[in-house]
Amino acid sequence: MPLKITTWNVNSIRKRLDHLGWLIEAERPDVICLQETKVEAAGFPGGDIAALGYPHQAVAGQKGYNGVAILSRRPLSDIERLHWGGGEAARHVAARVATGDGPLELHTLYVPAGGDKPDPLTNPKFAHKLDYLADLAHWWLARAAAPETPIVLTGDLNVAPLETDVWSHERLRRVVTHTEIEIAHLDRLRLAGHWVDAVRHFVPETEKIYSWWSYRTPDWDGADKGRRLDHVWVTPPLVPRLAGATILREARGWPRPSDHVPVSVVLDV
DNA sequence: ATGGTGGTCCTACCA
């Protein structure tokens with residue numbers, strides 16, 4: 001039985017409930033990982049989402065900012081809310097889901113955006129972003145999860161690591177999300193967990209792919225000044241199980257869209 | 001160098 005996992009930064013779940021329905025119609029995911037839900041857990045529209053077919057939910061919320069959730073057609077267990085880089089921001093939730101091959105560990109993350117200036121000495125938001133990634137990588141190393149543990153990491157990692165993950169490598173190499181130091185931090189995290197980029201498994205590195213287009217760019221589609229900030233990573237035992245990946249670009253053209261689009265991966269598990 | 005849009009919640013702050 002294939003398992004389809006979708007990750008999506010919705011930029012407010014309360015503003016995007018219709019969109020969630022459209023996503024479900026388009027992709028029929030088994031698991032949906034959300035970021036930037038922007039609502040306290042108590043205000044999370046869990047009933048509406050259950051009615052859409054996702055009664056099993058792992059939610060980490062806070063008022064107005066951040067917020068992540070895992071929505072599932074199948075039961076979730078071992079729900080954990082995790083915090084990195086200091087503070088209690090709701091940016092990381094983990095859970096387990098059963099498959100025919102045993103349990104699969106799911107993580108979804110909303111990595112700090114990092115502000116405007118890519119200088120950790122003068123921009124505390126950028127320093128926090130680097131600390132967040134470094135702490136998380138360190139935790140993964142200390143945890144020493146065996147590489148054979150099937151783990152899927154999803155989310156808005158707010159880093160576009162490859163030259164073909166941005167519309168212009170030359171224009172963005174000094175812009176937050178595509179700087180050398182952020183990419184180095186993201187690479188360290190990826191190596192710490194033995195992860196493989198599941199979307200790039202299917203799309204050659206020569207091909208440009210994006211998951212985010214700024215609200216501030218007029219004609220997002222024509223200008224196509226996108227970046228790939230949203231990722232799905234899998235550990236080695238899942239690599240031979242990878243059966244497909246989709247970026248739902250059309251979602252950026254929906255009415256009142258999120259600035260991110262859903263990214264989906266299918267696993268034959 | 002600046003401002004462009006959209007979200008939260010009501011005054012700026014964050015993306």
Side-chain angles (χ1 to χ4, degrees), chain A residues 7-20 22-23 33-45 48-49 59-69 83-92 108-120 122-133 154-161 165-168 170-179 182 185-186 210-231 248-263:
Chain A
T7 183
W8 192 16
N9 179 323
V10 286
N11 188 18
S12 169
I13 185 58
R14 290 174 293 177
K15 287 274 189 199
R16 236 60 78 184
L17 270 176
D18 288 344
H19 307 68
L20 187 63
W22 304 336
L23 161 69
C33 300
L34 301 179
Q35 305 84 36
E36 280 208 272
T37 54
K38 292 191 172 177
V39 67
E40 299 159 280
F44 189 79
D48 296 309
I49 292 170
V59 176
Q62 68 182 85
K63 187 173 179 167
Y65 300 101
N66 310 313
V68 289
H83 304 95
W84 314 108
E88 291 297 309
R91 296 181 175 275
H92 183 178
T108 197
L109 286 165
Y110 174 50
V111 172
D116 288 329
K117 199 167 168 236
D119 176 6
T122 58
N123 174 6
K125 290 181 192 169
F126 193 74
H128 179 240
K129 179 179 197 172
L130 299 181
D131 287 348
Y132 189 94
L133 290 167
T154 72
D156 176 3
L157 305 185
N158 262 317
V159 181
D165 289 336
V166 293
W167 65 276
S168 168
E170 282 307 314
R171 298 279 289 273
L172 291 174
R173 60 194 309 168
R174 285 165 218 90
V175 173
V176 171
T177 63
H178 193 58
T179 62
E182 289 166 273
H185 278 66
L186 193 74
Y210 314 134
S211 66
W212 173 88
W213 293 260
S214 172
Y215 283 127
R216 298 175 192 178
T217 309
D219 188 18
W220 72 273
D221 193 24
D224 201 21
K225 293 183 173 180
R227 306 179 203 174
R228 189 171 70 110
L229 305 179
D230 303 276
H231 301 271
L248 195 65
R249 182 184 171 108
E250 68 187 57
R252 187 62 178 77
W254 289 342
R256 304 174 315 283
S258 169
D259 45 354
H260 297 253
V261 300
V263 177

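We name chains A, B, ... by the order of the sequence lines, and we start the count at 1 in each one.
Nucleotides B/dC10 and B/dC14 place their P atoms 16 Å apart, quoted to the nearest Å. Comparing the C1' positions of B/dG3 and B/dA15 gives a spacing of 15 Å, expressed to the nearest Å.
Contact of the A/Leu186 side chain with the A/Leu133 side chain is registered, since non-hydrogen atoms from C-beta on lie closer than 4.5 Å. Between A/Ile49 and A/Leu20, the closest side-chain pair of non-hydrogen atoms falls below 4.5 Å.
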Show your working on side chain to side chain donor-acceptor pair (under 3.5 Å) between A/Gln35 and A/Thr108 and close with a plain yes or no. CA-CA 8 Å; A/Gln35 305 84 36; A/Thr108 197; 2.8 Å; yes
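Residue A/Tyr215 is the one, among A/Glu36 and A/Tyr215, whose nearest nucleotide of DNA chain B lies closer to the 5' end (criterion: closest heavy atom). Nearer the 5' end of DNA chain B, as judged by each residue's closest nucleotide, is the contact made by A/Lys63, out of A/Lys63 and A/Gly114.
The aromatic rings of A/Trp220 and A/Trp213 sit perpendicular, their planes meeting at an angle over 60°, well past the 30° parallel limit. Taking the six-membered ring where tryptophan is involved, the planes of A/Trp8 and A/Trp254 are perpendicular, since the angle between them exceeds 60° and thus also 30°.
A/Phe126 has its CZ atom 16 Å from the C1' atom of B/dA15, to the nearest Å. If you measure from atom CZ of A/Arg256 to atom P of B/dT5, you get 18 Å, rounded to the nearest angstrom. Per the geometry, NZ belonging to A/Lys15 stands 14 Å off C1' belonging to B/dT5, to the nearest Å. For the pair A/Asn9 CG and B/dT8 P, the computed distance is 12 Å after rounding to whole Å. The CH2-P distance, from A/Trp213 to B/dG6, rounds to 17 Å in whole Å. Rounded to whole angstrom, the span from the CD atom of A/Gln62 across to the C1' atom of B/dA15 amounts to 14 Å. Residue A/Gln35 contributes atom CD, which lies 16 Å from atom C1' of B/dG7 at whole-angstrom precision. Distance CD (A/Glu40) to P (B/dT8): 13 Å, rounded to an integer number of Å.
A/His19 is linked by a ring pair (Phe, Tyr, Trp, His ring centres under 6.0 Å) to A/Trp22, counting only residues two or more places apart in sequence or in another chain. Under the salt bridge (Lys or Arg N to Asp or Glu O under 4.0 Å) criterion, A/Lys117 pairs with A/Asp119, not counting sequence neighbours.
Across every strand in view, B/dG4 sits unpaired, with no contact that passes the Watson-Crick or G-U test at under 3.5 angstrom.
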Nucleotide N/O of nucleotides 12-14 of chain B paired with protein N/O under 3.5 Å:
unit_1, atom_1, unit_2, atom_2, d
B/dC14, OP2, A/Lys125, NZ, 3.2

